[in-house]
Amino acid sequence: MKQKLSNEKLKNFIRNNATRFLEEDNITSVGLAYKEKNGELTDELCIQFTVGEKIELQALESMGGVVIPKSFEIDGVKVPTDVVERKYETNATLIENLEKVDRKKRIDPILPGASIGHPTISAGTLGCVVFDSKSGQELILSNWHVLHGPDGKIGDFIVQPGSFDDNRTNQNIAGKLVNSHLGIAGDCAVAIVEGRKLNDEIIGLNTSVKKIAEPELGDKVIKSGRTTSVTNGVVSRIHVTVKINYPGIGHTNIGCFEYVPDPELPPLNGEVSMGGDSGSSVMLKEKGKVTNAMLGLHFAGETGNNREHGLACYASSVFKKLGIVPTEPDVTSLENLRLGFDRHFLSVKVGPPSPINEKVRRELLITKNRRVIDYTHFSLVMNKKRKFASWVAWNIDGGNIKKVNRVSFKKDPDFPDGQIGDELYAHNPIDRGHIARRAELCWGSIKEAKQANRDSFFFSNIVPQHEKFNQSKLAGIWGELENAIFDGAKIEDLKVNVMAGPVFDDKNDPVYRNVKIPKEFWKVICYIDEDLNQLVHHAFILTQTDLISGIEGLDLDDFKLFKVPLERITEKTGFKFSDLGDSSLESLDNKEIQKIESLESVLS
């Protein structure tokens with residue numbers, strides 16, 4: 001080329017024209033490379049096509065096939081073409097009788113470079129640790145065809161190691177799939193780790209991903225894969241669009257770059273990638289040393305006796321498509337953190353309570369044109385007249401709890417005139433009782449947990465509860481129930497949804513300091529029973545009637561905890577639970593309230 005074209009113009013030409021060429025069965029990819037002559041690379045840039053089988057021009061024309069021109073004219077510049085023979089397949093397919101190494105075993109903490117996969121997938125590689133750009137949630141990155149696959153769905157369990165390396169999938173559950181993509185932006189997926197610790201250092205590389213960069217022709221690269229371990233390469237083609245046949249999906253075009261073995265550091269067996277390496281991070285090397293810059297996500301390699309090389313999705317494209325970043329973002333802004341109660345937190349949808357009629361709806365306070373206000377890991381609605389929350393709904397991630405320090409109670413700026421503050425709680429045995437317990441909200445990243453902790457101390461999440469009702473250290477039944485839920489979730493690494501609130505009885509609730517004090521509270525918990533593989537729920541009504549009836553005199557009769565049908569809570573509050581189905585106590589005659597003798601059965 002006498003006149004030089006910009007890299008961007010060449011990339012755009014390939015991306016805009018690749019699809020029409022890839023419609024030809026025999027063409028397998030199109031990309032930018034240095035032209036090959038007599039098996040040697042030259043310094044001449046070309047548009048390089050790969051084909052499944054080289055066919056003479058006369059035979060191709062007689063078959064009506066697409067003819068690849070000798071050159072293209074781009075902005076008045078003639079760019080030559082090149083044709084090489086190659087076929088591709090994803091690198092999740094495994095070679096039998098591979099030597100077992102530590103990265104193919106169950107490990108804790110989990111490390112990038114280790115075996116991982118969807119239970120229906122043989123095995124691939126965990127590429128690196130990343131973070132959700134909005135929430136700051138810590139995630140792991142690999143391929144779509146490793147963590148998702150044609151039979152998977154968002155919310156599915158993932159296993160470490162992959163099922164090929166250890167088929168005891170129930171014992172090897174490592175987390176859940178949260179997002180994925182398969183298309184021109186890449187073959188990529190992210191999952192959250194649950195029940196195990198996570199370390200970001202890539203096995204064998206002594207580095208972790210801290211930034212992403214764009215590959216250039218001739219860049220030295222290195223990767224750590226489940227099968228070939230640590231291998232070195234050189235970027236040989238960029239701006240490639242490749243056609244891959246995904247089982248169960250069909251032919252899909254993927255944007256990527258190509259790399260070949262580094263001739264100065266050749267792999268021991270000649271293979272820069274093999275089955276099981278899919279998902280590996282392709283890292284940049286500079287001056288012979290590994291950097292913390294990720295160039296791509298390995299997903300495929302050549303088949304047959306073609307020239308040895310691997311393919312990697314562009315890291316920049318993958319990160320943008322999945323909404324992830326390489327380092328923990330600053331997510332202190334409320335807009336990024338206050339995502340509220342997650343209806344899809346469990347593997348089935350569970351929405352918060354909803355009013356049974358318009359009368360109940362009109363009793364709820366509207367602020368910012370909304371009734372439901374979102375906080376970090378919880379949402380709530382306020383009762384206009386009583387100035388307490390009618391309900392609070394929250395998620396507990398038992399395997400991801402963080403310990404953070406308490407902060408001071410404060411008025412919620414979202415409800416300047418619609419909440420009861422410290423004027424009710426001074427110099428008496430009435431506690432500022434959290435509806436959503438702060439310890440149950442403090443999970444995720446440290447920043448996330450700290451924000452949830454701060455949000456939990458707003459008076460909008462507080463109701464008056466007698467100290468002997470609220471505090472577990474004083475044998476308070478509400479506190480004991482909270483402990484049972486929290487400890488069960490934490491010990492079992494359970495994900496649990498909880499909904500709770502006061503029962504407002506305007507006729508019978510006692511008045512104290514000009515405020516009507518709720519005598520009863522309700523709580524609903526739900527989670528996935530792994531043995532039954534179904535959603536289960538438990539509903540409770542708790543009463544502090546005998547305490548607050550003589551609040552000044554501290555009459556401390558026994559507290560009462562009742563397990564009830566959901567319908568009983570709906571009758572008392574005016575809120576229904578549409579996603580929880582029929583009551584789990586429908587066998588009780590006449591909706592009889594059944595007292596629970598022991599809290600040990602709460603999560604049974």
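Only this structure's heavy atoms are used, side chains among them; waters, hydrogens and symmetry mates stay out. We number each residue from 1, following the sequence as shown.
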For [X], look at atom [atom1] and say whether over 12 heavy atoms of other residues, nucleotides or ligands are found less than 6.0 Å away.
X	atom1	value
Lys450	NZ	no
Asp506	CG	yes
Lys320	NZ	no
Lys321	NZ	no
Asp417	CG	no

Please check if the side chain of [X] supplies one atom and the backbone of [Y] the other of a donor-acceptor pair under 3.5 Å.
X	Y	result
Asp187	His145	yes
Lys384	Arg362	yes
Lys402	Gly444	yes
Ser460	Asp412	no
Asn143	Cys188	no
Gln451	Lys447	no
Glu423	Gly421	yes

Contact between [X] and [Y] at the side-chain level, heavy atoms closer than 4.5 Å - yes or no?
X	Y	value
Cys128	Ser208	no
Thr573	Trp522	yes
Glu520	Asp505	no
Leu339	Tyr375	no
Leu322	Leu141	yes
Ser180	Leu147	no
Ile324	Phe131	no
Val498	Ile525	yes

Indicate yes or no: does [X] engage [Y] in a salt bridge with an N to O separation below 4.0 Å.
X	Y	value
Lys210	Asp200	yes
Asp455	Arg438	no
Glu363	Arg386	no

Do Trp443 and His377 have ring centres separated by under 6.0 Å? yes
Under 6.0 Å between ring centres, would you say that holds for Phe378 and His434? no
Give, for atom [atom1] of [X] and atom [atom2] of [Y], the distance between the pair rounded to the nearest 0.5 Å.
X	Y	atom1	atom2	value
Ile356	Ser578	CD1	OG	11.0 Å
His118	Lys153	NE2	NZ	7.0 Å
Lys410	Gln419	NZ	CD	12.0 Å
Lys516	Lys387	NZ	NZ	13.5 Å

Per the side-chain contact (heavy atoms from CB on, under 4.5 Å) rule, which among Ile373, Ile366, Leu364 passes with Val381? Leu364
Exactly one candidate in Val463, Ile435, Asn383, Leu380 meets side-chain contact (heavy atoms from CB on, under 4.5 Å) with Phe388; the answer is Val463
Only one of Arg371, Lys368, Arg370 passes salt bridge (Lys or Arg N to Asp or Glu O under 4.0 Å) with Asp414; say which it is. Lys368
Could you give me the CA-CA distance, side-chain angles and deciding distance for Leu566 and Arg568, then say whether side chain to side chain contact (heavy atoms under 4.5 Å, CB included) is met? CA-CA 5 Å; Leu566 278 176; Arg568 178 55 61 95; over 6 Å; no
So, [X] versus [Y]: side-chain donor-acceptor pair below 3.5 Å or not?
X	Y	result
Asp151	Thr120	no
Asn497	Asn395	yes
Ser456	Asn461	no

Kindly indicate, with the supporting measurements, whether the criterion salt bridge (charged side-chain N to carboxylate O under 4.0 Å, His left out) is fulfilled by Lys197 and Asp108. CA-CA 6 Å; Lys197 296 177 182 178; Asp108 190 0; over 6 Å; no
Run Glu571 and Val564 through side chain to side chain contact (heavy atoms under 4.5 Å, CB included) and show every step you take. CA-CA 11 Å; Glu571 291 171 5; Val564 300; over 6 Å; no
Walk me through it: do Arg432 and Asp422 pass the test salt bridge (charged side-chain N to carboxylate O under 4.0 Å, His left out)? CA-CA 8 Å; Arg432 293 165 292 197; Asp422 256 336; 2.9 Å; yes
Given side chain to side chain contact (heavy atoms under 4.5 Å, CB included), test Ser390 with Phe575 step by step and report yes or no. CA-CA 9 Å; Ser390 287; Phe575 292 99; 3.8 Å; yes
Please report the shortest heavy-atom distance between Val372 and Ser379, naming the atom on each side. CG1-CB, 3.9 Å
Could you go step by step and tell me if Ile517 and Asp509 meet the side chain to side chain contact (heavy atoms under 4.5 Å, CB included) rule? CA-CA 6 Å; Ile517 309 296; Asp509 282 345; 5.9 Å; no
Quick one, Arg196 with Gln160, criterion side-chain hydrogen bond (donor to acceptor under 3.5 Å, both in side chains). Give me CA distance, side-chain angles, the key distance, then yes/no. CA-CA 10 Å; Arg196 283 192 248 177; Gln160 192 290 312; 2.8 Å; yes
